[in-house]
Amino acid sequence: MGAPAHPPPVLPPHVAVANHKGGVGKTSTTVGLAAAAADAGERVLVVDMDPQGNSTRRLRAQLPAALEDRAAASLAGVLPSPGRGEAARIVTSCGWSAPYSSRIDVLPSDLDLELLGLTAGLPGAERRLLRALTGVVDTYDLVLIDCPPSLLSHLTDNAWTASDYLVVPCEAEFESVQAARRVSERITRDRHNLNPDLSIAGIIPTRYRAALGVHRARLEDMAKISGPEAICPTRFPELAVMKTATEKALPLAECGSQGRDMAALFRDAYTWLRKRISHLQESAA
Ligand SMILES: Nc1ncnc2c1ncn2[C@@H]1O[C@H](COP(=O)(O)OP(=O)(O)OP(=O)(O)O)[C@@H](O)[C@H]1O
Ligand SMILES: [Mg+2]
């Protein structure tokens with residue numbers, strides 16, 4: 001028997017950015033890693049699975065101005081009953097002006113995405129994002145899925161079912177580390193019916209202050225969740241420029257020297273994440 005005429009495409013890694021805690025830097029990490037990957041020449045699809053729509057706004061992905069048209073042009077319009085590959089109809093360009101941003105596309109979110117949970121009881125409902133992404137992802141090198149700050153939620157189930165790996169931004173504070181541990185526990189507990197292949201690729205320390213003994217101690221706690229090798233060696237400091245970039249919806253690299261330093265940290269973190277994913281892929285083969 002000869003080789004098939006069209007071998008299946010090699011799919012890009014699908015990475016969900018998640019933690020069971022709000023405000024720890026999930027969206028900042030999604031956007032920062034997307035910029036780093038695009039700057040390195042990769043094509044990136046950012047999937048905004050948070051009804052807050054923060055990565056949609058920060059990447060300046062344009063939705064229609066008319067309120068009644070917005071949901072239809074977002075994942076809120078696609079996911080209730082998606083055809084295979086239907087996400088293609090809402091792919092939106094990143095609106096930044098930097099040359100590399102032409103390599104970033106967004107599946108935008110809208111508030112109505114919150115309503116998806118109302119139909120969570122339909123058969124296969126947690127596979128709706130996966131179905132909508134079929135074929136759409138083939139031309140990208142990386143898919144990043146920004147998750148809401150919830151754990152037992154239908155949106156999280158859809159994001160995790162569609163993902164190969166999780167990246168967990170985590171402050172070196174007790175409750176943030178606890179929340180990261182709950183993420184790990186849920187993967188273990190629900191692996192058999194949600195996604196048997198899902199694993200934590202990395203925990204990324206955010207708002208880290210090395211001078212604080214308590215932060216160093218919490219970093220050791222993080223290492224117990226998925227092993228020290230899963231802790232990203234790049235620690236993100238608390239810097240006002242993150243808020244500037246957030247507020248203005250600009251790439252960090254366009255926010256002065258502090259922003260360029262932070263963008264460089266995201267490039268380091270992304271280089272590490274790529275190596276980590278390659279290692280996990282080789283171990284699984
Ligand atoms: N390292 C940092 N230094 C200073 N501010 C930061 C840092 N990381 C994130 N922030 C700010 O903290 C706020 C929350 O960050 P972000 O929106 O990324 O968190 P999140 O986990 O996505 O929140 P949510 O759970 O609401 O989705 C934002 O205003 C962001 O600019
Ligand atoms: Mg967020």
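For ligands, and for the atoms within them, numbers begin at 1 and follow the listed sequence. Basis for what follows: all heavy atoms, side chains included, without hydrogens, waters or symmetry-related copies.
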So, regarding F236 and ligand 1 (criterion: nitrogen or oxygen to nitrogen or oxygen, under 3.5 Å), is there a contact or not?
no
heavy-atom search around atom 29 (O) of ligand 1 in the protein gives T246 CG2, 4.0 Å
For P149, the atoms of ligand 1 under 4.0 Å from one of its heavy atoms are 25 (O)
Test of proximity, G25 against ligand 1: N or O pairs below 3.5 Å | yes
- prompt: Does T30 put an N, O or S atom under 2.8 Å from the Mg ion (ligand 2)?
  reply: no
among protein heavy atoms, the one nearest atom 9 (C) of ligand 1 is S28 OG, 3.5 Å
**Asked** Do any nitrogen or oxygen atoms of N54 lie less than 3.5 angstrom from nitrogen or oxygen atoms of ligand 1?
**Response** no
Please verify whether a non-hydrogen atom of T206 lies at under 4.0 Å from ligand 1. no
- prompt: With distance as the sole criterion, is a donor-acceptor pair present between the side chains of T27 and N54 under 3.5 Å?
  reply: no
Only residue of V183, V168, V177 satisfying side chain to side chain contact (heavy atoms under 4.5 Å, CB included) with I225 is V177
Distance only, no hydrogens: is a donor on one side chain within 3.5 Å (strictly under) of an acceptor on the other, for D50 and S109? no
Honestly, for L239 the part within reach of ligand 1 (heavy atoms, under 4.0 Å) is backbone
Residues passing the side chain to side chain donor-acceptor pair (under 3.5 Å) test with R209, sequence neighbours excluded, are none
Practice prompt. Please confirm whether G23 comes within less than 3.5 Å of ligand 1 when only nitrogen or oxygen atoms on both sides are compared.
Written response: yes
Any heavy atom of P237 under 4.0 Å from ligand 1? The part involved is backbone
So CG of L142 and CG of L45: to nearest 0.5 Å the spacing works out to 9.0 Å
In terms of its nearest heavy atom to atom 12 (O) of ligand 1, the top option of R207, H20, K243 is R207
So, R218 and S176: side-chain donor and acceptor under 3.5 Å apart, yes or no? no
Taking only non-hydrogen atoms of G22 and a 4.0 Å limit, the atoms of ligand 1 in range are 25 (O)
of all protein heavy atoms, closest to atom 25 (O) of ligand 1 is K26 NZ, 2.7 Å
**Item:** Contact check, side chains of L194 and D157, non-hydrogen atoms, under 4.5 Å
**Value:** yes
query = Below 3.5 angstrom, do we get any N/O pair linking Q52 and ligand 1?
reply = yes
* Taking the side chain as every heavy atom from C-beta outward, state whether D221 and R181 have any atom pair closer than 4.5 Å. => yes
| So, does M262 sit close enough to ligand 1 that a heavy atom of it is under 4.0 Å from the ligand? | yes
the protein heavy atom lying closest to atom 2 (C) of ligand 1 turns out to be M242 CG, 3.4 Å
Any heavy atom of R58 under 4.0 Å from ligand 1? The part involved is side chain
Exactly one of E173, E171, R207, R235 clears side-chain hydrogen bond (donor to acceptor under 3.5 Å, both in side chains) with H215, and that residue is E173
query = Would R274 and E42 pass as an ion pair if we require N to O under 4.0 Å?
reply = yes
d(T56 OG1, L75 CG) to nearest 0.5 Å is 7.5 Å
At under 4.0 Å between heavy atoms, what of D50 touches ligand 1? The answer is side chain
- Check the side chains of Y270 and D39 for a donor-acceptor pair under 3.5 angstrom, ignoring hydrogens and angles. no
